[in-house]
Structure formats: C-alpha cells, structure tokens
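For ligands, and for the atoms within them, numbers begin at 1 and follow the listed sequence.
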Amino acid sequence: MASEENFMRAPAPTPKRTIYTEAMEIFHRAADLIGLDKRVRLELEEPDYEHIFYVTAKLKDRLVPLAPEQARDFADLQITQVRNPEGMERLADGKIILNGRALLGSDVSIRRGHLRLPDGNVYQLVPGESQRFKAYRVQHNQARGPYKGGIRYHREVSLDLFKALAAEMTWKTAISEVPFGGGKGGIQIDPRSYGKEEMENITLRFMYKLKSLIGPNIDIPAPDVGTNGDIMALMYRQYSDGEREKHNMRGIVTGKDVRIGGSEGRAAATGQGVAFCIEDYYAEKGETLKGKTFILQGFGNVGSHGAAILQRMGARLLAVNDADGSIYNGDGIDVPALLAYVNDPKNLRRSVLGFPGAQRIEKKDFWEVQADMCIPAALGGEITADIAERLKVKLIAEGANGPTTPEADRVLQKRGIDMIPDIIANAGGVTVSYYEWIQNKRMERWSEAEVNQRLEHAMKRNYRIIRDISRNQARRSDTHDSRPYCIGKEVDPRCAAMILALKRIEAHYLLEGFSQ
Ligand code: NAD
C-alpha cells in the first residue's frame with residue numbers, strides 16, 4: 001500500500017501533449033524569435049483565471065423511439081391522434097419533447113408506457129429528470145482590455161480546449177487592434193438533443209452562475225459553435241434582470257439580434273472578414289475572385305455567410321463537409337439554395353446532406369477535391385498532417401479556430417500551400433463585436449455599409465502588416481505601417497500574425513508595468 005508520504009508528493013511532471021500545448025507551440029516560436037520579455041511570457045503562458053462550475057436543469061418528458069425489433073411487441077397498438085401537434089418538438093436525435101399539455105384533449109392509447117404516433121413509430125414515454133452539465137469560462141488575459149470571447153455549446157469541450165480558444169482570443173483581439181483581451185467558455189452539451197425551452201432554462205442557469213465573473217467592462221461573451229443571437233438575448237436578460245440601469249448593460253454580450261442592440265453586419269462578420277482577407281490575398285497578385293473555386297468545411301454561421309459572400313464575389317463552391325457528411329457539385333453549389341435547405345425547419349439536423357443540388361461524397365474524397373481554396377469553418381484539429389498531404393488546393397483561409405495541427409502546418413509549408421491563419425482570417429467576428437459594444441456604450445446605431453467599410457479597412461490593414469512581417473518588408477503605406485513589427489527575417493504567416501499580437505500585448509506590460 002502506498003504510504004501517506006507518497007500521497008503527499010507531487011507527481012513527477014510529465015510533459016503531456018494537449019490541445020493547449022499544441023496551440024501554444026506557435027506562441028513559443030514567436031516569443032523566442034522576438035525575445036519576448038520573460039515576465040510577459042510567464043503572464044501569457046497560462047490564463048489569468050480558469051472557472052469550472054456546474055449547471056443543473058429539469059428536463060421535460062420525452063417520447064423515445066423504439067428500435068423496430070422492440071416495436072414489434074406493440075404491433076397492434078392503436079395510433080394516438082395528437083390534437084395539438086405544436087406541443088411536440090422533434091429533436092435531431094429522433095426523440096420528441098412533450099411541451100406543456102401536448103397530449104391533452106387527444107385520443108391517447110398507451111400500453112406499458114408506450115404509444116404509437118401517426119408517423120407509424122412506437123415511442124416510449126420517458127419522464128423528464130434533472131440533469132447536471134459541466135460549464136466553463138476561461139479568462140486568459142486582460143492586458144489590453146476586458147476579456148472577450150465566445151460561448152460554445154458542444155459535447156466535446158474541455159478545460160484544455162477552452163484554454164486554447166481563450167488564448168487565441170488574446171492574440172486575435174491584439175491583431176484586430178480592438179481594446180479587449182481573451183476569454184472563452186461554454187457548456188458540455190449537445191444542444192441538438194434538447195428542446196428550445198430546455199436550452200433556455202440551461203442558458204439562464206448558466207448566466208445566473210456566470211454573472212459574478214463577468215461584466216460589460218470585465219468579460220464580454222459572444223456566440224460560438226452551438227450558440228447564436230437567441231442565446232445571447234437570454235444571457236443579456238438574465239444578466240440585467242431586475243437591474244435599474246438595464247439599458248446600460250447591453251454590452252454584456254455581443255452578437256445580439258439587431259432589434260435589441262446588436263450591430264448590423266455582426267451575423268455575417270466572421271465570414272465577411274474571411275472574404276476580405278481572401279480578396280486582399282488575390283488583389284495583391286492582381287487577381288480577383290471571379291472564377292476561383294473553393295471547398296468548405298462547416299456550413300454554420302461562419303461557413304454559410306463566408307460562402308454566400310465569396311459566391312457574390314464570383315467564386316464557385318464545389319464541396320461542403322459538415323458534422324453529418326459531405327456533398328459535391330463540380331458545376332458549383334448554389335449557396336442561397338443550400339442555405340434555404342439547411343434552414344428548412346424539416347431539416348432537423350440542419351445538415352447539408354440530402355441537398356438536391358449536389359451529390360453525396362465520402363469525407364476522405366471531400367478533402368481531395370481540386371480547388372483554388374479550402375475554407376475550414378467547423379472545428380479545430382480537422383486538417384491533420386495526413387489531410388495536408390492530400391489537399392489539392394493552393395490556399396487555406398482558416399474560418400474556424402485552430403483547424404490546422406502544427407504537423408499539418410509544416411506539411412502545408414513544405415508543399416507551398418499558402419495560409420491565411422485563423423487569428424487574422426476569422427477576426428471579423430470580434431471586430432464587429434467591438435463595433436457592437438461601442439454602439440451599445442454610445443447608444444448609437446451604425447448602418448451595415450458603415451460597419452462593413454470599417455471592417456474592411458481593419459481587416460486589410462492588419463492582414464497587410466502580417467504579410468509584411470512574413471516577408472520582412474518593413475514599410476509604411478496609405479493603409480498600414482509594418483515598420484514597428486518586422487523582425488529582420490522572413491517567417492511563415494502564422495508566426496507573423498503571432499509576432500504582431502505579442503508585440504502589441506508586450507507594449508502594454510512594458511509601458512504600463514505590472515500591477516502589484
Ligand atoms: P456553427 O455552430 O454555426 O456551425 C458549425 C458547423 O460546423 C456546422 O455546419 C456543423 O455541422 C459543422 N461541424 C461540426 N462538427 C463537425 C465535424 N466533426 N466535421 C465537420 N463539420 C462539423 O459554428 P460557427 O459559429 O460557424 O463556428 C465555426 C468555427 O468558426 C468554430 O471553430 C468557431 O470557433 C469559429 N469562429 C466563429 C466565430 C463566429 O462569429 N461565429 C468567430 C470566429 C471564429
């Protein structure tokens with residue numbers, strides 16, 4: 001048996017490779033290259049705060065479909081005619097939530113807790129129970145301003161992942177020159193397996209617990225994977241509930257609906273920013289997007305808006321992969337038609353699969369479609385070294401956060417595939433979040449044209465600085481000044497972006513010092 005002494009001894013440090021350590025590789029490389037101040041490095045290597053807490057909710061009664069072999073036991077069960085089908089909410093996993101008095105007034109035939117619906121299937125009635133969910137908020141750094149970053153609702157989240165995403169926000173806010181730091185958080189949950197009211201209750205409880213940790217000048221959440229403007233509205237309501245100066249608190253979250261203080265152009269901003277970077281990439285070569293082709297992973301907020309904008313600029317979408325599968329059309333996929341298909345309420349999984357304007361292909365074939373560009377706009381770690389070897393594109397513009405692994409990055413460099421890294425490519429979202437936050441503070445409302453004009457200038461200015469750092473081409477033009485950032489030698493674009501971020505953050509510590 002182990003002695004007490006052994007229990008007390010700290011385990012020997014084993015350098016473990018995690019999502020966070022992988023994501024920080026580029027930080028260390030850039031920090032070495034610029035000789036980042038040692039104390040600043042220590043401040044940035046780990047987050048300021050890592051919060052983990054739990055949210056509980058009472059779930060509703062559900063109808064759970066039986067497998068065909070089990071359903072045979074109920075072959076003679078009468079069909080239950082539902083008087084109020086509105087009360088039934090179908091979920092992506094095939095289950096049905098019973099809202100309120102869904103079955104009241106209906107002719108119900110129940111046997112041993114089972115009933116048959118007009119769709120022919122037999123369902124088991126499962127009473128709603130309480131469930132606990134793990135929630136997170138990582139506040140990485142606030143040297144340049146309040147923590148800022150999205151709220152993710154997804155099954156595969158962890159402290160390690162949120163640390164990586166929060167750090168990314170610190171770099172991104174510095175690159176976009178918005179006066180924020182970095183944060184990220186969310187709940188370990190598959191939102192597609194819960195009803196609308198359940199998600200509302202879970203979100204309200206989440207904000208109830210988060211409230212003491214955040215504020216419009218402290219930490220400002222926004223939408224990310226699995227959340228949207230509706231979730232932000234609930235978060236605002238819960239944060240400001242009962243407060244006398246509610247109207248002064250709209251800046252607690254960004255990505256709100258424009259009717260309640262959101263900014264024009266925010267919903268499309270991340271995809272718009274990706275498109276501005278790509279446009280500038282080609283403009284420098286004297287080319288436009290006309291006739292260019294692309295493949296896209298993820299058809300959510302970033303992917304669908306990005307694709308629609310690129311199509312309007314003249315590019316052709318050849319293939320899409322999402323959580324459920326992949327589709328292909330060599331003549332081009334009609335983006336507005338695909339959007340209508342995905343948003344059709346009958347499409348419970350919100351998937352591109354089954355879109356009539358394209359054929360289904362395997363995921364491995366998706367990565368091998370020949371095109372000018374690949375836009376990953378889903379989850380992190382998707383472009384592995386193996387996929388990087390197989391890609392048949394000339395440019396990758398990272399809409400998602402961290403889609404390319406460090407090994408894949410090295411393969412892409414070796415193969416001469418150009419890269420617009422995430423911390424600039426998808427910075428449009430946080431940039432317009434900043435515009436939303438200012439509008440809330442000033443009680444103003446800017447037009448979409450004004451927002452997009454500012455966004456275009458900001459994205460292109462900072463992207464040009466990154467390109468100059470990468471090529472070691474220090475210069476001042478009408479639009480940008482890269483002289484303070486070039487380091488006297490060439491570096492890859494991801495490293496260049498990180499150098500820009502670190503130099504901007506370091507200035508705060510060097511000039512303002514460290515609070516004691
Ligand atoms: P979303 O939830 O709206 O859409 C996610 C999309 O990814 C969906 O189409 C989904 O089917 C797909 N997907 C999920 N898992 C997948 C898998 N395993 N394989 C293939 N596809 C999968 O999310 P979003 O807001 O568009 O965010 C997408 C990415 O962009 C994330 O990495 C996010 O962090 C990043 N991002 C988002 C914003 C923003 O403003 N929303 C800003 C910056 C970065």
Side-chain angles (χ1 to χ4, degrees), residues 19 23 92 148-157 161-162 164-166 168-169 171-173 175-176 178 182 184-186 189-192 221-232 253-256 262-263 265-274 277 295-308 319-327 338-339 341-343 347-353 355 363-364 366-367 374-384 387 397-404 421-434 436 455 459:
I19 299 172
K148 181 92 191 78
I151 297 293
R152 182 173 291 199
Y153 287 177
H154 197 265
R155 242 173 329 151
E156 285 152 37
V157 296
L161 173 71
F162 282 130
L165 293 170
E168 273 235 350
M169 288 307 297
W171 322 139
K172 202 181 301 182
T173 49
I175 286 171
S176 339
V178 295
K184 205 87 173 194
I189 188 172
D190 180 354
R192 299 193 301 184
D224 189 68
V225 177
T227 60
N228 53 27
D230 295 348
I231 300 284
M232 294 306 115
V253 284
T254 57
K256 299 180 290 290
S263 177
R266 172 61 183 92
T270 308
Q272 180 71 69
V274 174
C277 285
I295 62 171
L296 172 70
Q297 185 187 39
F299 200 74
N301 173 287
V302 180
S304 64
H305 282 110
V320 186
N321 165 257
D322 72 9
D324 298 295
S326 312
I327 58 168
L338 182 60
L339 201 57
Y341 176 79
V342 168
N343 288 331
N347 186 344
L348 291 176
R349 301 189 71 84
R350 298 259 174 282
S351 174
V352 299
L353 267 196
F355 176 60
K363 187 166 180 179
K364 67 174 180 26
F366 163 80
W367 292 118
C374 168
I375 303 176
L379 300 182
E382 281 287 313
I383 302 183
T384 58
I387 288 170
E398 295 182 325
N401 284 315
T404 312
D422 51 2
I423 43 181
I424 177 69
N426 70 31
V430 77
T431 305
V432 178
S433 274
Y434 166 58
E436 178 175 337
L455 177 65
M459 293 296 301

Shortest protein contact, atom 14 (C) of ligand 1 (heavy atom only): A323 CB, 3.8 Å

Non-hydrogen side-chain atoms of V342 and D322 separated by less than 4.5 Å: no

Side-chain (R192) to main-chain (R349) donor-acceptor, under 3.5 angstrom: yes

Location of contacts on R350 toward ligand 1, heavy atoms closer than 4.0 Å: neither

Polar proximity ligand 1 side, A378 side, N/O cut 3.5 Å exclusive: yes

Under 3.5 Å: donor-acceptor pair, side chain of Y341, backbone of S351: no

For atom 20 (C) of ligand 1, the option (of N321, L296, T254) bearing the nearest heavy atom: N321

Per-atom contacts, ligand 1 versus K363 - under 4.0 Å to a heavy atom: 19 (N)

Which residue and heavy atom of the protein sit nearest atom 9 (O) of ligand 1, plus the separation: F299 N, 2.8 Å

Proximity winner for atom 15 (N) of ligand 1, if only heavy atoms of V352, L353, V302, L379 are counted: L379

From Y434 atom OH to K148 atom NZ, the distance as rounded to the nearest 0.5 Å: 12.5 Å

Spacing of E382 atom CD and E398 atom CD [to the nearest 0.5 Å]: 12.0 Å

Region of R349 engaging ligand 1 - heavy atom pairs below 4.0 Å: neither

Residue portion contacting ligand 1 (non-hydrogen atoms closer than 4.0 Å) for S351: neither

Derivation of the side chain to side chain donor-acceptor pair (under 3.5 Å) call for R152 and T227: CA-CA 6 Å; R152 182 173 291 199; T227 60; over 6 Å; no

R266 neighbourhood, listing ligand 1 atoms whose heavy-atom distance to it stays under 4.0 Å: 40 (O)

For atom 27 (O) of ligand 1, the protein heavy atom that lies nearest, with its residue and separation: V225 CG2, 3.7 Å

Identity and separation of the nearest protein heavy atom to atom 33 (C) of ligand 1: D224 OD1, 3.2 Å

Validation row: N301, P223 side chains within 4.5 angstrom (heavy atoms): no

Sub-4.0 Å atoms of ligand 1 with respect to non-hydrogen atoms of R152: 31 (C), 32 (O), 33 (C), 34 (O)

Shortest protein heavy-atom distance from atom 39 (C) of ligand 1, along with the residue and atom involved: T270 OG1, 3.4 Å

Residue and atom name of the nearest protein heavy atom (relative to atom 41 (N) of ligand 1), distance in Å to one decimal: N301 OD1, 3.7 Å

For G399, atoms of ligand 1 separated by under 4.0 Å from a heavy atom: 30 (O), 35 (C), 44 (C)

Distance (rounded to the nearest 0.5 Å) between N321 CG and K364 NZ: 13.0 Å

Ligand 1 contact on H154 by region, counting heavy-atom pairs under 4.0 Å: neither

Nearest-0.5 Å distance that lies between atom CD in E168 and atom CG in N426: 7.0 Å

Under 3.5 Å: N/O of K184 near N/O of ligand 1: no

Atom 2 (O) of ligand 1: the protein heavy-atom neighbour that sits closest, reported with distance to 0.1 Å: G226 N, 3.2 Å

Check: G428 main-chain N/O paired with Q272 side-chain donor or acceptor under 3.5 Å: no

Geometric N/O contact N401 with ligand 1, under 3.5 angstrom: yes

Rounded distance (nearest 0.5 Å) linking atom CD1 of I424 with atom CH2 of W171: 16.0 Å

Interatomic distance, Q297 atom CD to C374 atom SG [nearest 0.5 angstrom]: 7.5 Å

Closest protein heavy atom (residue, atom, distance) for atom 4 (O) of ligand 1: G300 CA, 3.2 Å

